[in-house]
Amino acid sequence: MAKSGYTRPPPVAEDTAALPAPSAVLYVANCGPAVGLTHDDVAAAFGAFGEVEGVSAADDSGARVIVRFREPAAAGAAMAALHGRPCGRLSGRVLHIRYSVPAPPKAAVAVSAPPVALSSSELGIPGIHLVQEFVTAAEEQELLAAVDSRPWKRLAKRRVQHYGYEFLYETRNVDSKQFLGELPSFVSKVLDKIVTFPGVKNCTGKLVDQLTVNEYPCGVGLSPHIDTHSAFEEMIFSLSLAGPCIMEFRQYPKGSWRAPSVVSGADEGSIQDPQCTRKAVFLPPRSMLLMSGEGRYAWHHYIPHHKVDDVAGQVIKRNSRRVSFTLRKVRMGLCECEYGQFCDSQSK
């Protein structure tokens, strides 16, 4: 029987013929926080077909969700009505729906995002320090104007600039013999400030000598990785400008300096290790993050590819661009840190 104000259209034969047997759980693609739709929005839209017990993330993409109905018939009605069609209640997005597979491969098990900390003390990873409003709004505009007046190098999804030494993405290293010159004058104020940054250790020489500027368009993130031990010294600074993001940290006890997604080729957002520890922190514009010690050497850091982030229950849209200044000191020898499991100098 049709619900009030709703007439159930016939199912799409070519899409449903090969689907698994009906269940009360649907996998729905092209909706979620990354496209501006909260889980409550999704629950309200699907609630037109029956009682929804819950909506959860299908993976870390932010654009795929799991909708769990109380009754399989309601799930079937929702699929028949919404699969492959624009949904007016969800901003007209065309949804791609299938019944949830009961036992997906281990590498593709969905995991929910970790809670997002608002400070480094709340994050609780040794060696990670965050200072908000590290530069003023006026200084932020000066820094952005300086890099925008210089040539960018285009990568697949973002633009970069390198100073001091060029970072080689193919090897995730630098050529220490190819010195590009001193760091530009437009970062002099930043260099003066980081000397007094919390967690900075005594340094007899230059604290940093390499700068990579990254410009991330809205929705573009960063794959999980540990900055190569043999390439850079212990302290790595990251200044966020123009827009916010979430940075997630992952520690794989059975892993190495290569993230499991890099080794297996799996979707970086769907890797689940029962022993993997995941934490996240919010990086607002003008904040400076320092990664050192355990946090630098033994935790993979990762920026989810989202257009919208959920921070303490608040939906925060990313800006049209985010620019980061990553400041590091090039290592001139082998790394002898205490985290050999994650160290390319000590691992074979």
Next item on the list: Check whether any side-chain heavy atom of Asp175 sits under 4.5 Å from a side-chain heavy atom of Tyr165, and report yes or no.
Entry: no
Note to self: Keeping Thr212 on the side-chain end and His162 on the backbone end, is there a donor-acceptor pair under 3.5 Å?
What the structure shows: no
Next item on the list: Mind checking ring-ring contact (aromatic ring centres under 6.0 Å, His included) for His306 and listing every partner two or more places apart, or none if nothing turns up?
Entry: none
Checklist line | Heavy-atom pair of closest approach, residues Gln251 and Phe342 | finding: CG-CZ, 4.5 Å
Check: Can you find a heavy atom in the side chain of Phe46 that is under 4.5 Å from one in the side chain of Phe69?
Finding: yes
Item checked: Distance, nearest 0.5 Å, that separates CZ of Phe179 from CD of Gln210 -> 11.0 Å
Check: Which heavy-atom pair separates Val281 from Ser119 by the least distance, and what is that distance?
Finding: CG2-O, 4.2 Å
Next item on the list: Return the minimal non-hydrogen interatomic distance between Gly295 and Ile128, and the atom names on each side.
Entry: CA-CD1, 3.8 Å
Check: Looking at Cys337 and Gln346, what are the two nearest heavy atoms and their distance?
Finding: O-NE2, 2.9 Å
Next item on the list: Apply the test side chain to side chain contact (heavy atoms under 4.5 Å, CB included) to residues Leu283 and Arg322: give CA-CA distance (whole Å), side-chain angles for both, the deciding distance (0.1 Å), then the verdict.
Entry: CA-CA 11 Å; Leu283 304 181; Arg322 173 180 173 268; 4.1 Å; yes
Checklist line | Rounded distance [0.5 Å steps], NE2 in His305 versus SG in Cys245 | finding: 11.5 Å
Item checked: With sequence neighbours excluded, residues passing ring-ring contact (aromatic ring centres under 6.0 Å, His included) with His96 -> none
Next item on the list: Show your reasoning for whether side chain to side chain contact (heavy atoms under 4.5 Å, CB included) applies to Lys189 and Glu142.
Entry: CA-CA 11 Å; Lys189 291 182 180 180; Glu142 291 173 0; 4.1 Å; yes
Checklist line | Distance in Å, Arg318 CZ paired with Lys307 NZ, rounded so as to fall on 0.5 Å steps | finding: 11.0 Å
Next item on the list: Return yes if some donor-acceptor pair links the side-chain N/O of Ser345 with the main-chain N/O of Cys335 below 3.5 Å, else return no.
Entry: yes
Margin query: Is it the case that the side chain of Glu122 and the backbone of Leu118 share a donor-acceptor pair, with hydrogens and angles ignored and the cut-off at 3.5 Å?
Written below: yes
Item checked: Rounded distance (nearest 0.5 Å) linking atom SG of Cys343 with atom CD1 of Ile226 -> 9.5 Å
Margin query: Under 6.0 Å from the ring centre and within 45 degrees of the ring axis: does the NZ or CZ of Arg328 meet both conditions for the six-membered ring of Phe167?
Written below: yes
Notebook entry, point to check: Are Arg286 and Ser240 close enough that some pair of their side-chain heavy atoms sits under 4.5 Å apart?
Noted result: no
Margin query: Keeping Arg85 on the side-chain end and Leu95 on the backbone end, is there a donor-acceptor pair under 3.5 Å?
Written below: no
Note to self: Are Tyr252 and His300 an aromatic pair, judged by ring center distance below 6.0 Å?
What the structure shows: yes
Check: Within the side chain of Gln314, is there an N or O that forms a donor-acceptor pair under 3.5 Å with the backbone of Val311?
Finding: no
Next item on the list: Could you tell me the separation between the CZ atom of Arg321 and the CG atom of Leu241, rounded to the nearest 0.5 Å?
Entry: 9.0 Å
Check: Which pair of non-hydrogen atoms, one from Val187 and one from Leu183, has the smallest distance, and what is that distance?
Finding: CG2-CB, 4.2 Å
Check: Going by an N to O cut-off under 4.0 Å, is there a salt bridge joining Glu233 and Arg331?
Finding: yes
Next item on the list: Decide, yes or no, whether a salt bridge links Glu294 with Arg296 under the criterion of side-chain N to carboxylate O below 4.0 Å.
Entry: no
Note to self: What I want to check is whether the side chains of Tyr163 and Gln161 have a donor and an acceptor closer together than 3.5 Å.
What the structure shows: yes
Next item on the list: For the pair Glu53 and Arg68, evaluate salt bridge (Lys or Arg N to Asp or Glu O under 4.0 Å) and give the outcome as yes or no after the intermediate values.
Entry: CA-CA 6 Å; Glu53 292 187 331; Arg68 185 178 299 276; 5.1 Å; no
Check: Going from CD1 on Ile194 to CG on Leu327, what distance comes out if it is rounded to the nearest 0.5 angstrom?
Finding: 5.5 Å
Check: Regarding His225 and Asp227, is there a side-chain donor-to-acceptor distance under 3.5 Å anywhere?
Finding: yes
Notebook entry, point to check: Going through the distances and angles, do His129 and Ser120 end up as a side chain to side chain donor-acceptor pair (under 3.5 Å)?
Noted result: CA-CA 5 Å; His129 301 272; Ser120 49; 5.0 Å; no
Margin query: Determine whether a donor-acceptor pair (N or O, by modelled atom type, separation under 3.5 Å) exists between the side chain of Thr228 and the backbone of Ala231.
Written below: no
Next item on the list: Could you tell me whether the side chain of Val42 reaches within less than 4.5 Å of the side chain of Val67, counting heavy atoms only?
Entry: yes
Check: Looking at Phe134, is Lys193 sitting on its ring face, NZ or CZ under 6.0 Å from the six-membered ring centre and within 45 degrees of the normal?
Finding: yes
Check: What are the two closest heavy atoms between Ala78 and Leu26, and how far apart are they?
Finding: CB-CD1, 4.1 Å
Check: Out of Val213, Asp209, Val208, which residue meets the side chain to side chain contact (heavy atoms under 4.5 Å, CB included) rule with Leu211?
Finding: Val213
Checklist line | Side chain Lys329, main chain Lys206, donor-acceptor under 3.5 Å | finding: yes
Item checked: Aromatic ring proximity, centroids under 6.0 angstrom, His229 and Tyr297 -> yes
Note to self: Tell me whether Glu215 is salt-bridged to Lys153, with the criterion being a basic N under 4.0 Å from an acidic carboxylate O.
What the structure shows: no
Note to self: Main chain of Ser230, side chain of Asp344: is a donor-acceptor contact present, judged purely on distance under 3.5 Å?
What the structure shows: yes
Next item on the list: Check whether any side-chain N or O of Glu248 sits under 3.5 Å from a backbone N or O of Tyr302 as a donor-acceptor pair, and report yes or no.
Entry: no
